[in-house]
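Chain letters run A, B, ... following the sequence lines, proteins first, then strands; residues in each count from 1. These figures come from a predicted structure and were not determined experimentally.
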Amino acid sequence: MSVDANTPVLRVSGLTKTFCLHLQDEARIPVFDALGFTLNAGEAVALNGPSGVGKSSFLKLVYGTYLAAAGEIAVMHRGGWVDIANAEPRQVLDIRRETLGYVTQFLRVIPRVPTLDIVAEPLIERGESEEAARARARDLLNRLNIPETLWSLSPLTFSGGEQQRVNIARGFAASFPIMLLDEPTASLDAVNRQTVIDLIGEAVAAGSAVIGIFHSKADREQIASRAFELTPALAA
Amino acid sequence: MSALAAETVEMTPILAARGVGHAYGDFLACRDVSFDLYPGEVLGIVGESGSGKTTLLKCLSGHLEPTEGEVGFAVRDGEMRLLGEMGEPERRALARTDWAFVHQNPRDGLRMSVSAGANIGERLMANGHRHYGNIREAALEWLAKVEIDAERIDDLPRTFSGGMQQRLQIARNLVTGPRLVFMDEPTGGLDVSVQARLLDLLRGLVQRLGLSAIVVTHDLAVARLLSTRLMVMQGGRVIEAGLTDQVLEDPQAPYSQLLVSSVLQV
Amino acid sequence: MTATGPLPGYNFAYLNEQTKRMIRRALLKAVAIPGYQVPFASREMPMPYGWGTGGMQVTASILMPDDTLKVIDQGADDTTNAVSIRNFFAKTAAVETTTATAQASVIQTRHRIPEEPLREDQILVYQVPIPEPLRFLEPRETETRKMHALSEYGLMHVKLYEDIARYGHIATTYAYPVEVDGRYVMDPSPTPKFDNPKMDDCAALQLFGAGREKRIYAIPPYTKVISLDFDDYPFEVQTWEEACGLCGARDSYLDEVILDDRGGRLFCCSDTDFCEKRRAMGYRGAMSGEPQEAAE
């Protein structure tokens, strides 16, 4: 992937988000008010801010899981800009398949699907051959120290740490121009934490732009080239 | 911003609903439903009992004539045809080729008096297949796909468990390679353990075969696992629609929020 | 039986003229749409349903004073049902009756088609208990009518599929479904499938009457009648190891008659007229008690 640095791949402008809790006396919780942010190809940005400021919400807005109240979330997708905040579901799905990767520490377990298939799935969905997808999946599972005896099992019964690593393997199976990382290194042991940091580094080196939440300062320093600070929005 | 680089996204819907509604006498069971379903998409329709989702599914699948609005379906040559303007022969032909309908109660979707093999073979025979050996082979292949032992091919469905009957119904429906599958509470009457197996099977089949599907369910977990998009219905209207994870994690309408917050955590 | 004029107090052939006219209209429609089941206002007949009331109403409607009537039941002219119906029309219509296939102009039958090929100047009337071939798998009349209207006949093959799956071959031996004139699928009533090929391209007009179900259908002369089958399991008629014990015929439909409680049995032609005619010509079977194959 050869993308020029300083080429924006994600442009957020005027992003406003307020949660309205209809069931709790119509409580309104403002999160963002006219937020702006730009992410360039090949850079890694640490998303910082105090707990509860909306770091995860920001990633979910960019990924399309949360609905923006106002503003634009423009993503460079297949050579053109698409506004996730106003895109049709099928466009968002295509963006998620090709452009936007999203890695959290929580695996959404699908009953009965073997670990290897879960990891290989994003590549297969993209049209990669099953063989190539599986090879990549095996490689990642090895690196993340998931014992081979577990690959044919559903991660349903795995430990929390194992599930987290399976999810990271899945998240890094396909390469994405933009990666959203929500504390992927949290609660990992030192060895696995370093593996994840390496994976992120490899993705960036290959041209991916990364924005992520990293709990530990050490991780941030290893991964990110700059930080984006979120501050509590003014009460609406 | 509107210069979409989305040429790889399918541009023509396989099914289109415009202002669809149905009244039973004075009672409007559903109204003003509009959406496009694109190839490969799975649309979940959620809502409580009586919200009009099953009536809507019947209107979309040609089982019930909408009293208002129109439903269009892209036939194989790509032309969008209005169901209301098709003759009954054409609608019935679609129902046994391009469409599949999985009923909540497998007894409504199976022919209980003939064997599992004949149940699977029926659609083939209805479409002119006249080679017993080939029909039998297709039946065996589909039994394997829905994880029913090949030895059960000559047994009557009534000797099957509820989960097996439901899987048999799915095989019977998918054997002719339909492009659009309608499902009405496909896991409705099943035990939770059996549900998981069926859901996984459905999910795999939908993915592998690139099917489009419309799934009516009141179970948000089912919707989450199967569908890419969700519509929330209340009082006969669609009150919210969007990506499945968006509707479930950031529901906007009061009723959607209630629905999502009502799910029991295990 | 000698013709002495119809029974006083009864209309010719029992039914009144309006009823006959109604039935003839149904018959005309049936002939015009080969294999299509035409509803008609079936009348009460002086016998129970299931004994041939449909066939009798058809016969009564087409019978002319100079007709010669033959009635068979399972191929035989001398069974209770056949004798009663023959006597009924001899009394009410005073028509000639016969047991000889060749001499009859109208033949009413239950279950069999005579072995002797029929001619253009003959009409075969079938008594039909269940006219709807799709009934086996589809109980709803509204649905079966729709299926006929749209030529949706996959279900017929489902039944044949079940046969092969269960018995290794198509085990349906009677009421074997046929496609008439490339359009309607028809139930040939309880006729054994041995007789199905005789329906195809038959010179005689074939009329079917179902009294209880109130349906009439028809196969006009020289109509294509195809027995449904699979490419790899083609239609076949029954065959017998034995020859007729009475006349030695090897190509007729045989009945098995138990002779005693020691395993003695006789296979003989179900078509009694055919068998008698052959014996009159000198053919003999193994159990005829006379020198075998005298004529040969």
Residue [X] excluded, over 12 heavy atoms near [atom1] under 6.0 Å:
{"X": "R183(C)", "atom1": "CZ", "result": "yes"}
{"X": "F235(C)", "atom1": "CZ", "result": "yes"}
{"X": "D77(B)", "atom1": "CG", "result": "yes"}
{"X": "E79(B)", "atom1": "CD", "result": "yes"}
{"X": "W99(B)", "atom1": "CH2", "result": "yes"}
{"X": "Y167(C)", "atom1": "OH", "result": "no"}
{"X": "K145(B)", "atom1": "NZ", "result": "yes"}
{"X": "K159(C)", "atom1": "NZ", "result": "yes"}

Nearest heavy-atom pair of [X] and [Y]: which atoms, and what distance?
{"X": "R136(B)", "Y": "A165(C)", "answer": "NH1-CB, 3.5 Å"}
{"X": "E162(C)", "Y": "V114(B)", "answer": "OE2-CA, 3.3 Å"}
{"X": "V158(C)", "Y": "A118(B)", "answer": "CG1-CB, 3.9 Å"}
{"X": "L137(C)", "Y": "R111(B)", "answer": "O-NH1, 2.9 Å"}

> Do you know which of A149(C), S151(C), G154(C) has the most heavy-atom pairs with chain B at a distance under 4.5 angstrom?
Replying inline: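 Top option by heavy-atom pairs under 4.5 Å: G154(C).
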
> Does anything in residues 160-188 of chain B get under 4.5 Å of chain C by heavy atoms, and if so which residues?
Replying inline: none

> So which part of R123(B) gets closer than 4.5 Å to some heavy atom of chain C, the side chain, the backbone, both or neither?
Replying inline: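 Contact with chain C involves no heavy atom of R123(B) at all.
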
>> Please classify the contact of Y161(C) with chain B as side chain, backbone, both or neither, using a heavy-atom distance under 4.5 Å.
In response: both

>> As a test of understanding, state which of D229(C), I164(C), D163(C), L160(C) forms a side chain to side chain contact (heavy atoms under 4.5 Å, CB included) with Y132(B).
In response: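 The residue from D229(C), I164(C), D163(C), L160(C) that satisfies side chain to side chain contact (heavy atoms under 4.5 Å, CB included) with Y132(B) turns out to be I164(C).
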
>> Do M156(C) and M125(B) have side chains that approach each other closer than 4.5 Å (heavy atoms only, starting at C-beta)?
In response: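 When only atoms from C-beta onward are counted, M125(B) and M156(C) do not touch, as no gap falls below 4.5 Å.
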
> Are H131(B) and D231(C) linked by a side-chain donor-acceptor pair shorter than 3.5 Å?
Replying inline: no

>> Would you compute the distance between atom CD of E88(B) and atom NZ of K146(C) and round it to the nearest 0.5 angstrom?
In response: 4.0 Å

